Enquirer: 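Supplied in structure tokens, the structure appears directly below.
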Protein chains: 2
Amino acid sequence: MTGCDHCVVRNRAICSTLDAAELAALNQISHHRDLKAGQTLAWEGDESFQVANVIEGVLKLSASLSDGREQIVGVAYPSDFIGRPYGSQNRQTITAITDVRLCTFRRADFERFSANHPDLEHKILQRTLTELDRARQWMLLLGRKSAREKLASFLLEMSERLADSGCQSRAMPTDQFGLPFGRQQIADILGLTIETVSRQLTELKKSGLIELPDNRKVVIKDRKGLEQMTDQSGLGR
Amino acid sequence: MTGCDHCVVRNRAICSTLDAAELAALNQISHHRDLKAGQTLAWEGDESFQVANVIEGVLKLSASLSDGREQIVGVAYPSDFIGRPYGSQNRQTITAITDVRLCTFRRADFERFSANHPDLEHKILQRTLTELDRARQWMLLLGRKSAREKLASFLLEMSERLADSGCQSRAMPTDQFGLPFGRQQIADILGLTIETVSRQLTELKKSGLIELPDNRKVVIKDRKGLEQMTDQSGLGR
DNA sequence: CGTGGCATTGATGTGGCTCAACGATAGTGG
DNA sequence: CCACTATCGTTGAGCCACATCAATGCCACG
């Protein structure tokens, strides 16, 4: 079993507060696990058995209705913590979007450990608070923004989230990045249909704000312009 | 200064883990504060100075766009914890919806206290996790449900939330309750316009699922029927 | 009895959904 | 090397749910 010393998310994940001895103890109860793109780790409504740190890859958290309508309610990147500790039930489905490498714990083991490590629990609290802020910001987008505004907001958010995936300090947003999502997933994130996503993207391209070298690549040509698009449909009002 | 012994939310708020001595210490740094309906406690984007327990009344957490569009992203009832600890900025505006009584703390004081009381912090973590689950469930509503479905979901949620405001155990949902919200606020919770809210409510009334004795009162006549409305627009499909 | 703040109701418009066809790319097997 | 198919994205035409705009109703309050 690989030690935590060489873990690529060692300094960014919740483990970052732990010293060598604590880390060794945590390592005792951890298991690495790989998921292929498309595989589901946990189902909405099922009992919560395990929690995990994301080492590599991207996962989606989604909620859905009985007739198949789906909403992606969160996205987990490397160093993010996933699963539902201190609660018996998963309220979202967790699915790998790319191939994924996880550092998993049985929920019970993890809770026992964290009970004796307040610093660790504090880290989790901070992350959860940040996630809650982010979710609430997204509620504004879902409830009140137009399709155009949603796409602009999405692209800018992606340029920020994908920038600091590599290093541990807060990095500048990139103007050029590859999306881990297909069009349908973008639609499920924004509460739109795939057709609307496609149309809005070509509109943004036509107006020169972005370029789309291929289906998964985005180049931001006019960040200022995009930023204006995030909260006013047409500027003319 | 009133002691915590007589506090009406003593057993439901985060304080419930504390013993008499700890409670006394916490009481030292707390200040009661009353807000009139409509008063704002904290503004989105401002620095986070204080956190609080809600003793009495209802508050809304909202996010908004520069042109005035608003989305209510959370509602706080008695015994709920509000404000943003462990972070420098409020990401939502917190406004009293009814007259409110709070038990407030300077954020710095509170954080110093909680650093030495892991149990308290654990309570906050649990609440935050539950709020996050709730927010994400609401994202499904905002992104994927029709106006009819939103209203039905809203009424059922209210019947649950308002039921257990009184006592400490999980109570049954009431079939009859008074709303703390006006029509505009309901619209801001559901991501709709006031006119659509009004029309959908009269539709639900006409089909016999609910009654509306006055603007602020709701009677659920057919809970089963309402529940079906929460995830299928018309049943016929 | 007027005035102002909600809520309801009606008429009309439109943004995004639905349905359908088509295009592009990648893998698969002959 | 080329059909053949599958998957994914784009584009177009038409429609409908909800927004917008406007008028009216209903209290509560001075």
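Lettering of chains follows the sequences in order, A, B, ..., and the numbering in each one begins at 1. In this text, all values refer to a predicted model and were calculated from it rather than measured experimentally.
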Enquirer: Please convert DNA chain D into dot-bracket. A pair counts if it is Watson-Crick or G-U wobble with both distances under 3.5 Å; crossing pairs go in [ ] and bases paired with another strand get |.
Expert: ||||||||||||||||||||||||||||||

Enquirer: Between D:dT7 atom P and A:Phe181 atom CZ, what is the distance in whole Å?
Expert: 22 Å

Enquirer: What's the CD-P distance between B:Gln184 and C:dC6, to the nearest Å?
Expert: 10 Å

Enquirer: Determine whether A:Phe154 and A:Ile189 make a side-chain contact, defined as any pair of heavy atoms from C-beta on separated by less than 4.5 Å.
Expert: yes

Enquirer: Taking atom C1' of D:dC8 as reference, at what distance in whole Å does atom CD1 of A:Ile186 sit?
Expert: 12 Å

Enquirer: Whether the B:Ser88 and B:Arg107 side chains hold a donor-acceptor pair (N or O, under 3.5 Å, no angle test) is what I'd like checked.
Expert: no

Enquirer: Just how far, in rounded Å, is P of C:dC17 from CG of A:Asp67?
Expert: 15 Å

Enquirer: Mark yes or no for whether B:Arg69, through its side chain, and A:Arg144, through its backbone, hold a donor-acceptor pair below 3.5 Å.
Expert: yes

Enquirer: Does the side chain of A:Asp133 pick up a donor-acceptor pair with the side chain of B:Gln92 at under 3.5 Å?
Expert: yes

Enquirer: Within this structure, what is the CG-to-C1' distance between B:Leu151 and D:dA17, rounded to whole angstrom?
Expert: 14 Å

Enquirer: Whole angstrom is fine here: how far is it from CD in B:Glu203 over to P in C:dA7?
Expert: 18 Å

Enquirer: How would nucleotides 8-16 of chain C be written as a contact map, 5' to 3', with B for base contact, S for sugar-phosphate-only contact and - for no contact, using protein heavy atoms under 4.0 Å?
Expert: BBBB----S

Enquirer: Will you find, in the side chains of A:Thr93 and A:Ser62, an N or O donor that is under 3.5 Å from an N or O acceptor?
Expert: no

Enquirer: Just how far, in rounded Å, is P of D:dC8 from CG of A:Asp214?
Expert: 15 Å

Enquirer: Judged by modelled atom types alone, do A:Thr230 and A:Glu227 share a side-chain donor-acceptor pair under 3.5 Å?
Expert: no

Enquirer: Return yes if a side-chain donor-acceptor contact under 3.5 Å exists between B:Gln200 and B:Arg148, otherwise no.
Expert: yes

Enquirer: Looking at A:Leu156, is its backbone amide N or carbonyl O close enough to the side chain of A:Ser159 to form a donor-acceptor pair, meaning the two atoms are under 3.5 Å apart?
Expert: yes

